[in-house]
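Input: a single structure, listed below in structure tokens.
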Amino acid sequence: MKRLNSQLQKDGAPLELILLIRTLLAGCKEISFRVSQGALAGVLGSTLSENVQGETQKKLDVISNQILKDILKESGYVKAISSEEEDDVVACHPDGKYLVSFDPLDGSSNTEINSLIGTIFSISHAPQWMEPDDPSAFLQPGTQMVAAGYVLYGPSTMLAMTTGRGTHIYTLDKTHGGFLLTHPNIEVPTETKEFAINASNQRHWEAPMQNYITDLLAGEDGPRGKDYNMRWVAAMVGDIHRVLCRGGIFMYPFDKRNPAKPGKLRLLYEANPMAFLMEQAGGLASTGECRIMEVMPTEIHQRVPVILGSKDEVEACLSYYD
Ligand code: F6P
Ligand code: MN
């Protein structure tokens, strides 16, 4: 089976980007090990602190963030990082060529139930004019990403990644510590009968999403003319992995509760990297109003509505917004 390195070379990734990705993944392998130790290492449960978005931090959120921050700061390849678990941009090396954004441990409430969790990341070029502690360089649309992916800590540890030449999925071979290419050139089926949404928020959705979900639930007798199935992992990384593997539509839509939070998911750490993976696999990713990767961020922790997955189904959903 092909190794990660040779696939990255085949896809034309420059050497320094390959080295950066390998460094980042070394951190993810450590997270994978720490996570697998669970209660034995006393890493489950919450800390007493909250992150900048007011969410209680799990011990593993903090540990994973520290692992990635340390390894990227030391590497010399990175000028600055932004993380879901950091209030501000973290300055790294003044000559670093890249910016890295990450959600160190997505779905971390699943740690308590030994269910799916993962690390989501994206990489873009650091502008030369930029001071390492300047957040404005992170405020560029997702179209500027040069690589994005996630590492899923499940029964297998798997990596889904794109450098803009298709989406590939690798599996960590723990006997020698390498990621092997197990699912090359992912093609998300264009049609699906599976959707993922947290239906407990239904009363807060806008009319287009209300109407779309009503029609899905009507099944064979409704306007869509087929019965749908619903899945919700409660970790975006797990839901997106399923959609990449067998198709589907995943939504965390606009929510009327709090205008300052037009959705739950973060543009830089969650929506953009998953949109890049999905588009490179033939799927679509939209906010309901525009392509996710074209949203111009105004602040690093910005949230956006997310609708992504199988092309025909996303288009069907978006037709309710027209
Ligand atoms: O990071 C936010 C997140 O944990 C996502 O991974 C996941 O899709 C979502 O929140 C789950 O939210 P809810 O609490 O609505 O199930
Ligand atoms: Mn997350």
Side-chain angles (χ1 to χ4, degrees), residues 28 31 35 44 46-47 50-65 67-69 81-87 100-122 142 148-154 158 160 194-205 209 213 230-244 248-258 260-278 285-288 292 297 300-309:
C28 293
I31 297 173
V35 158
L44 301 186
S46 300
T47 64
E50 286 188 346
N51 66 15
V52 66
Q53 14 234 325
E55 298 161 340
T56 307
Q57 286 179 307
K58 301 281 175 195
K59 288 182 194 167
L60 277 168
D61 285 322
V62 176
I63 292 170
S64 308
N65 186 56
I67 289 172
L68 294 180
K69 195 165 73 166
I81 60 182
S82 64
S83 160
E84 188 175 308
E85 303 300 339
E86 295 283 339
D87 296 4
V100 183
S101 296
F102 53 82
D103 177 354
L105 203 61
D106 178 60
S108 55
S109 61
N110 276 355
T111 52
E112 310 307 314
I113 58 167
N114 196 27
S115 189
L116 292 179
I117 44 178
T119 298
I120 311 172
F121 60 88
S122 72
Y150 61 76
V151 178
L152 179 72
Y153 310 115
M158 297 182 95
E194 210 160 57
F195 71 99
I197 194 163
N198 184 344
S200 69
N201 296 324
Q202 187 241 338
R203 67 194 182 285
H204 305 296
W205 303 335
M209 188 52 71
I213 298 293
M230 198 186 84
R231 287 285 181 271
W232 189 249
V233 175
M236 185 192 200
V237 72
D239 281 307
I240 298 303
H241 189 68
R242 185 188 60 255
V243 173
L244 282 179
I249 181 167
F250 170 90
M251 293 151 285
Y252 221 114
F254 183 88
D255 189 316
K256 285 183 286 194
R257 257 172 295 188
N258 179 354
K261 282 188 192 172
K264 178 168 189 189
L265 300 173
R266 270 66 41 143
L267 176 60
L268 264 59
Y269 320 119
E270 295 167 323
N272 264 340
M274 295 311 198
F276 196 12
L277 289 169
M278 205 53 70
S286 170
T287 64
I292 288 176
I300 59 170
H301 297 299
Q302 179 169 341
R303 298 173 194 253
V304 283
V306 168
I307 301 168
L308 51 71

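Read the numbers this way: they start at 1 and go in the same order the structure lists the ligands and their atoms.
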Check ligand 1 against [X] and write out every atom of the ligand that is under 4.0 Å from a heavy-atom position of the residue.
X	result
Ala234	4 (O), 7 (C), 11 (C), 16 (O)
Met236	5 (C), 6 (O), 7 (C), 8 (O)
Asn198	13 (P), 15 (O), 16 (O)
Glu270	1 (O), 2 (C)
Asp106	1 (O), 5 (C), 6 (O)
Arg266	1 (O), 2 (C)

Criterion salt bridge (charged side-chain N to carboxylate O under 4.0 Å, His left out) on Glu270 and Lys264, from CA distance to verdict: CA-CA 10 Å; Glu270 295 167 323; Lys264 178 168 189 189; over 6 Å; no
Heavy-atom nearest neighbour in the protein, as seen from [atom], with distance rounded to 0.1 Å:
atom	value
atom 12 (O) of ligand 1	Lys264 NZ, 3.0 Å
atom 16 (O) of ligand 1	Trp232 NE1, 2.9 Å
atom 15 (O) of ligand 1	Tyr252 OH, 2.3 Å

Would you say the side-chain atoms of Thr119 pair up with the backbone N or O of Pro104, donor to acceptor, closer than 3.5 Å? yes
No-hydrogen, no-angle side-chain donor-acceptor test under 3.5 Å, Ser101 and Ser82: yes
Can you say whether the rings of Phe250 and Trp232 are parallel (under 30°), tilted (30 to 60°) or perpendicular (over 60°)? parallel
If you consider just the N/O/S atoms, which atom of Glu270 is the closest one to the Mn ion (ligand 2)? OE2
Closest approach to the Mn ion (ligand 2) by Asp103, given as the N, O or S atom name: OD2
Check side chain to side chain donor-acceptor pair (under 3.5 Å) between Lys59 and all other residues, then give those that pass, not counting sequence neighbours. none
Test side chain to side chain donor-acceptor pair (under 3.5 Å) on Gln57 and Glu50 and set out the steps. CA-CA 5 Å; Gln57 286 179 307; Glu50 286 188 346; over 6 Å; no
Salt bridge check: are Lys58 and Asp61 linked by an N-O gap of less than 4.0 Å? no
Do NZ/NE/NH1/NH2 and the carboxylate oxygens of Lys69 and Glu86 come within less than 4.0 Å? yes
Closer than 2.8 Å to the Mn ion (ligand 2), do we get an N, O or S atom from Asp106, backbone or side chain? yes
